[in-house]
Amino acid sequence: MQESALPSPCYLMDQAKLKANLTILEAIRKKTGCKILFAQKAFSSFPFYTVISRYLDGAASCSAYEAELAHLYFHGENHVCQTAYLPEEIDTLLPICDHITFNSPQQFRQYSAKAAAHGCSVGLRINPEYLSQQLDEFDPCAPFSRLGTTAANFPEDCLPLIRGLHVHALYEQNSDALERLVHEVVEKFGKWLPNMRWLNLGGGHHITREGYQIDKLEAITEQLQQEYNLTVYYEPGEAIVWEAGYFITTVVDLIDNGMPIAILDASAVCHAPDITELRYRPPLIGADKPNVLPYRYRLGGRSCLPEDIFGDYSFDHPLQIGERLVFRDMAINTLTKAKMYTGVPMPAVAVREADGNCKILRSFTFSDYKNHF
Ligand SMILES: *Cc1c(COP(=O)(O)O)cnc(C)c1O
């Protein structure tokens, strides 16, 4: 069907953009010999796993459920790195994962021998205490972070069993941040790198974004692999679906409580919570920042929540009830975080295939709401 025939609200994934992103990542793998995994948390929609897995080496999971999903639908390596494992999860994970990373020396000591006996390559998550972000709250390497083992706590007695080190410290960053991160890792953990078979440099690399300096990432990768004779892994999540998703909404009401407000048939809180939780401001097709075009509106959701606001935008025409508004770059953390809080229905999920044809993959009803508990 045509895009205009899709229901509203609707998440729409774009296969052509997804494949364009994946092609960039595939070229890096081929050029450098590094391995790239799909970190699922930003977009754990299994119907897309087969196509994604064609271009990458495998999947990266941060929980047993993610690892099980990857095992079922993703072809390739299966890596897991969870902050803490429960004993019964270890029994689930060891038969389905080829790489398992532990967050602490304690968990490493508890489970690594069993993991190695299963043929898993065992790793330790390290914390280079390198601050790359503005807000400590979201930085995995901020002071007192629970994520990763600091150099001071490195368990040297475990060295014979540690096959790889894993570090995740970046968020939506370019390769200059990667360069600084690698510098810190080498400075603090470099003496142990010759013992490693792999070094996983985590996610947060915005490789598919315009302006990302891929040459620098490739040079850093080749240098590390040569110097330490190991395989470098990356596990981006956002970069894979960057700009590959749209969110179709419709204006259902117009009011003016001191400023023009359009109520949409969707909810920012329920359908794109990064907007209200992380102040993400998605681009909107045909609209601009609030003060650029003549008609300014606040776009609100139709839940009962006061904070349910998509944001302020400006348009070149007055909005009409029934008009469709389509947000861009809405694949990341939307479907994965969507909820039916306050009983707002879930949007449908659709895909635009490479030939332009759109297809509905899933729609939801009252019984999904009732049964989600
Ligand atoms: C979130 C996360 C990723 C993916 O990060 P993106 O920002 O989506 O690229 C990779 N590895 C770990 C350990 C993560 O927590």
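Counting starts at 1 for both ligands and their atoms, in listed order. Since the model is a prediction, treat every value here as computed from it, not as a measurement.
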N/O donor to acceptor pairs below 3.5 angstrom from side-chain atoms of residues 287-295, sequence neighbours left out:
| unit_1 | atom_1 | unit_2 | atom_2 | d |
| --- | --- | --- | --- | --- |
| N291 | OD1 | R296 | NH1 | 2.9 |

Under 3.5 Å: N or O atoms of ligand 1 paired with protein N or O:
| unit_1 | atom_1 | unit_2 | atom_2 | d |
| --- | --- | --- | --- | --- |
| ligand 1 | 7 (O) | G204 | N | 3.4 |
| ligand 1 | 8 (O) | G237 | N | 3.4 |
| ligand 1 | 8 (O) | E238 | N | 2.9 |
| ligand 1 | 9 (O) | G204 | N | 2.8 |
| ligand 1 | 9 (O) | G237 | N | 2.9 |
| ligand 1 | 11 (N) | E235 | OE2 | 2.7 |
| ligand 1 | 15 (O) | K41 | NZ | 2.9 |

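Annotation: side chain of S175 is not in contact with side chain of H205 (no heavy-atom distance under 4.5 Å).
Here F74 and F46 keep their ring centres 6.0 angstrom or further from each other. A distance below 6.0 Å separates the ring centres of H372 and Y369.
Side-chain contact, T150 with E129: no donor N or O sits under 3.5 Å from an acceptor N or O. Q110 and Q106 share a side-chain donor-acceptor pair at under 3.5 Å.
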